[in-house]
There are 2 protein chains.
Amino acid sequence: MGTTQLETVPEPKYWHLKTVLGEALDSDFAVGEILPNERDLAARFGVARATLRQALEQLELEGRLQRRRGVGTTVAPPRVGVDVSTTQHEWPGAAKDAWQLIDCAVAAAPAPVAKLLECATDDEVHVVRRVRVTHGQSVAAELLYVPASSVPELSAIAGASGPVRARAVLRELQRLALDSQDRAVELGSARADDAKELDRLPGAPVLVVTTRYIVEGRPAAVSVATYRADTCRLTFGDSGDLEISDHPEERRAS
Amino acid sequence: MGTTQLETVPEPKYWHLKTVLGEALDSDFAVGEILPNERDLAARFGVARATLRQALEQLELEGRLQRRRGVGTTVAPPRVGVDVSTTQHEWPGAAKDAWQLIDCAVAAAPAPVAKLLECATDDEVHVVRRVRVTHGQSVAAELLYVPASSVPELSAIAGASGPVRARAVLRELQRLALDSQDRAVELGSARADDAKELDRLPGAPVLVVTTRYIVEGRPAAVSVATYRADTCRLTFGDSGDLEISDHPEERRAS
DNA sequence: GAGTGGTCTAGACCACTTA
DNA sequence: AAGTGGTCTAGACCACTCG
C-alpha cells in the first residue's frame with residue numbers, strides 16, 4: 001500500500017478552472033486584452049462566482065491577470081525583472097537608482113526594526129519614504145530607518161521637511177564607509193499606506209526585501225522595501241548579463 | 001478636493017479582523033498553541049465563516065498561522081531563515097548543502113526552461129529532483145534541468161535510475177568550470193507535485209528561485225527551486241554574519 | 001447610471017485526522 | 001464517529017470607474 005495513491009481524489013473545481021483558464025490565456029488572449037466579467041465567466045463554466053474568483057485570484061497571484069475594480073480583468077504583461085542586486089556595497093540614493101523620495105519623518109523605532117538595528121525600541125530614527133518606479137509604474141515602496149545616532153550631523157537642519165529632509169539624510173548616510181550588508185526576502189501583505197503607493201488594495205501580496213547596512217561592524221540603517229509580488233520578479237545579477245529579455249509574451253500552446 | 005481622502009471608507013471586516021487576531025496572537029498565544037476552530041471563532045466575532053477565513057488566510061500568508069485539515073489552526077513559529085546566497089560560485093551538490101536527492105528523469109525541456117537555457121523546446125534534458133530539509137522540515141523542492149549536451153559523458157551510465165542517476169548527473173556537472181550564475185526570485189503557487197513534497201496543498205504560495213548556471217558564457221543548467229513562502233525567509237548573506245538570531249518569538253505588544 | 005470587481009452571508013457537503 | 005479545515009453555492013450589497 002504505497003503512500004502515493006496519486007489522484008484518486010477529484011481535483012478541486014477552482015484548480016481545474018485555473019488550469020483551463022491559464023491555457024486559454026496562452027492560446028486565445030493577447031496581453032492587455034479584457035476578459036469577460038466574472039458573472040459571465042462563472043455562468044459559462046457552470047460554477048458559482050466565488051469559485052470562479054478563487055481561480056482568478058490564483059492567476060493574479062501568478063502574475064497572469066490583473067484585476068481592477070470598476071474596470072475589469074485584463075491579461076497581465078509578463079513580470080518585469082527588477083534588479084535588487086547590491087552592485088558592490090552601495091548606499092541607497094547613490095548613483096542612478098530608480099528611487100523617488102517622498103518624505104521623511106522622525107519616530108520611535110518599531111520593535112522588529114529596533115531588533116535589526118540592535119537598538120532600543122524607543123530610540124529615535126529618521127524614517128525616509130521612497131518609491132521605486134520602473135517602466136512608468138510604481139513597483140516598490142520603501143521605508144528606510146536611520147537611527148539618529150548614525151547621522152549625528154543632521155540635527156542642524158532638523159527644520160527642513162519632506163523630500164528636502166529626506167535628501168539630507170541620504171546625503172549624510174553616503175558619507176559613512178559601508179562595510180557590508182545582509183539581506184532577506186520574504187512574502188508579506190501590503191500595509192494600507194504601502195498599498196496606496198503601489199496602487200493596490202491593502203493586503204495585496206508583496207515581496208518584502210529587508211536590507212541591513214553595516215558600518216564599522218554595527219548596523220547603521222535598515223531598509224524595508226515592499227515590491228508588488230504580482231508584477232515583479234526580483235533579479236540578483238551575479239553575472240554580467242542579467243535582465244535577460246525572456247519576454248514570453250508570444251507564449252503559445254499551439 | 002485632495003485625492004487623499006484618507007479612511008473615509010469603512011475598513012473591510014476581514015481586514016479589521018486580521019488586525020485584531022494578529023494582536024491577540026502577539027499577546028495571548030504561544031507558538032504552537034491551538035486556536036479555537038473556525039466556526040467558533042466566526043461566531044465569537046459575529047461574522048460568517050468565509051469572512052473569518054479570509055482573515056486567517058492573510059495571517060497564514062504572513063507566516064503567523066499554520067492550518068492543517070483535520071487537525072486545526074496553530075500559531076506558527078517565526079519564519080526560518082534559509083540561506084540562498086551563492087557562496088562563491090558553486091555547483092549544486094557541492095560541499096555540505098542541505099539538499100536531498102529524490103530522482104532523475106529525462107524529458108524534453110519545458111518552454112520557459114528551454115528559453116532560459118537558450119536551447120530548443122524539444123531538446124532532451126536531465127531533470128534532477130531534490131528536496132531541501134532544514135530543522136527537520138522540508139522547505140523547498142527543486143527541479144534541476146541539465147541539457148544532455150552539458151554532460152556528454154553521462155550516456156555511459158544511462159542505465160542507472162533514481163537517486164543513483166541523479167548523483168551521477170551532479171557529479172558530471174561539478175567537473176565543469178562555473179563562470180557565474182544569475183538568479184531571480186518571484187512569487188508562485190505550488191504545483192501538485194511540489195505541494196506534495198512540501199506537505200502543502202496545491203496552490204500554496206511559494207517563492208520561486210530560478211538560477212542559471214553559466215559555463216563558458218553559455219547557460220549549462222537551470223534550477224527552479226520552490227520554497228514554502230509561509231515558513232521561509234530567504235537570506236542572502238552578503239556579509240559574514242548572516243542568519244542573525246532575530247527570533248521574535250517573544251514579540252509582545254504590551 | 002450602468003457595469004465592474006470587492007465584500008459578506010448562511011448555509012451545505014467533502015476530505016482529512018484523530019481517537 | 002467526531003471534529004477539523006477545504007470547497008462550493010446562490011444569493012446580496014458596496015465601492016469604484018467611466019461614459
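Note on naming: letters A, B, ... go to the chains in the order of the sequence lines (proteins, then strands), and numbering restarts at 1 for each one.
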J.: B/Thr210: which residues meet the side-chain hydrogen bond (donor to acceptor under 3.5 Å, both in side chains) condition with it, sequence neighbours left out?
T.: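 Applying side-chain hydrogen bond (donor to acceptor under 3.5 Å, both in side chains) to B/Thr210 gives none.
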J.: Check whether any side-chain nitrogen or oxygen of B/Arg67 sits under 4.0 Å from OP1 or OP2 of D/dG6, and answer yes or no.
T.: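 Checking B/Arg67 against D/dG6: at least one side-chain N or O falls below 4.0 Å of OP1 or OP2.
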J.: List in chain and number order the residues that pass side-chain hydrogen bond (donor to acceptor under 3.5 Å, both in side chains) with B/Gln66, two or more places apart in sequence or in another chain; answer none if no residue qualifies.
T.: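 B/Gln66 satisfies side-chain hydrogen bond (donor to acceptor under 3.5 Å, both in side chains) with no other residue.
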J.: Please tell me if B/Tyr14 has a side-chain N or O lying less than 4.0 Å from either OP1 or OP2 of C/dT7.
T.: yes
J.: What integer distance in Å separates B/Glu11:CD from C/dG6:P?
T.: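 After rounding, the gap between these two atoms is 18 Å.
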J.: With sequence neighbours excluded, what pairs up with A/Glu60 under the salt bridge (charged side-chain N to carboxylate O under 4.0 Å, His left out) test?
T.: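 A/Glu60 satisfies salt bridge (charged side-chain N to carboxylate O under 4.0 Å, His left out) with A/Arg67, A/Arg200 once adjacent residues are dropped.
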J.: With a 4.5 Å cut-off on side-chain heavy atoms, are B/Val224 and B/Val208 touching?
T.: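 Yes, close enough: below the 4.5 Å cut-off.
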J.: Could you tabulate the donor-acceptor pairs under 3.5 Å formed by side-chain atoms of residues 50-57 of chain B, not counting sequence neighbours?
T.:
{"from": "B/Arg53", "atom 1": "NH1", "to": "B/Glu38", "atom 2": "OE1", "distance (Å)": "3.2"}
{"from": "B/Arg53", "atom 1": "NH1", "to": "B/Glu38", "atom 2": "OE2", "distance (Å)": "3.0"}

J.: Please produce a list of atom pairs where a protein N or O lies less than 3.5 Å from an N or O of nucleotides 17-19 of chain D.
T.:
none

J.: Rounded to whole angstroms, how far apart are CG on A/Leu65 and P on C/dG6?
T.: 11 Å
J.: Where the side chain of A/Gln54 is concerned, which of C/dT7, D/dC8, D/dG5 is the nearest nucleotide?
T.: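 In terms of side-chain proximity for A/Gln54, the closest of C/dT7, D/dC8, D/dG5 is D/dC8.
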J.: Counting any heavy atom closer than 4.0 Å, what does A/Arg53 reach on the DNA or RNA strands: base, sugar-phosphate only, or nothing?
T.: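 Base: the residue A/Arg53, judged by heavy atoms under 4.0 Å, touches a nucleobase.
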J.: Among all residues two or more places apart in sequence or in another chain, which pass the side-chain contact (heavy atoms from CB on, under 4.5 Å) test with B/Ala195?
T.: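 Here the qualifying residues are B/Ala190, B/Pro202.
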J.: Answer yes or no: does a side-chain N or O of A/Asn37 lie under 4.0 Å from OP1 or OP2 of C/dT4?
T.: yes
J.: Sequence neighbours excluded, which residues qualify as side-chain contact (heavy atoms from CB on, under 4.5 Å) partners of A/Val20?
T.: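 Testing A/Val20 for side-chain contact (heavy atoms from CB on, under 4.5 Å), a comparison that skips the adjacent residues, returns A/His16, A/Phe45.
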J.: With sequence neighbours left out, write down each residue that passes salt bridge (charged side-chain N to carboxylate O under 4.0 Å, His left out) with B/Arg191, or none if nothing qualifies.
T.: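 Only B/Asp193, B/Asp194 meet the salt bridge (charged side-chain N to carboxylate O under 4.0 Å, His left out) criterion with B/Arg191.
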J.: Below 3.5 Å between N/O atoms, which protein atoms pair up with nucleotides 9-11 of chain C? Just atom names and distances, please.
T.:
{"from": "C/dT9", "atom 1": "OP1", "to": "B/Lys13", "atom 2": "NZ", "distance (Å)": "2.9"}
{"from": "C/dT9", "atom 1": "OP2", "to": "B/Ala48", "atom 2": "N", "distance (Å)": "2.9"}
{"from": "C/dT9", "atom 1": "OP2", "to": "B/Thr51", "atom 2": "OG1", "distance (Å)": "2.4"}

J.: Sequence neighbours left out, what passes side-chain contact (heavy atoms from CB on, under 4.5 Å) with A/Ile102? Give chain and number order.
T.: A/Arg129, A/Val131, A/Glu197
J.: State whether the distance check finds a donor on one side and an acceptor on the other, under 3.5 Å, for side chain B/Arg39 versus base D/dG3.
T.: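 Such a pair does not exist between side chain and base.
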J.: Check the distance between D/dG6's P and B/Gln66's CD and give it to me in whole angstrom.
T.: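 These atoms are roughly 11 Å apart.
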J.: Could you work out, with side-chain contact (heavy atoms from CB on, under 4.5 Å) as the rule, every residue matching B/Leu201, not counting sequence neighbours?
T.: B/Arg69
J.: Name every residue in residues 15-22 of chain A that has at least one heavy atom under 4.0 Å from any atom of DNA chain C, in order of residue number, or write none if there are no such residues.
T.: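 The stretch gives none, as no residue of it lies under 4.0 Å from the strand.
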J.: Between B/Glu57 (CD) and C/dC8 (P), how many Å, whole number?
T.: 13 Å
J.: For the pair made of CG in B/Leu201 and C1' in D/dG5, what is the distance, rounded to whole Å?
T.: 9 Å
J.: In whole Å, I'd like the distance from the CD atom of A/Gln58 to the P atom of D/dG6.
T.: 13 Å
J.: Given atom CG of B/Leu35 and atom P of D/dG5, what is their separation to the nearest angstrom?
T.: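 One finds 9 Å between P of D/dG5 and CG of B/Leu35, rounded.
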J.: Once you round it to whole Å, what is the distance between P of D/dT7 and CG of B/Leu56?
T.: 14 Å
J.: Got a salt bridge between B/Arg79 and A/Glu186, using NZ or NE/NH1/NH2 to carboxylate O under 4.0 Å?
T.: yes
J.: Check this for me: does any side-chain nitrogen of one of A/Asp230 and A/Arg64 sit under 4.0 Å from a carboxylate oxygen of the other?
T.: no
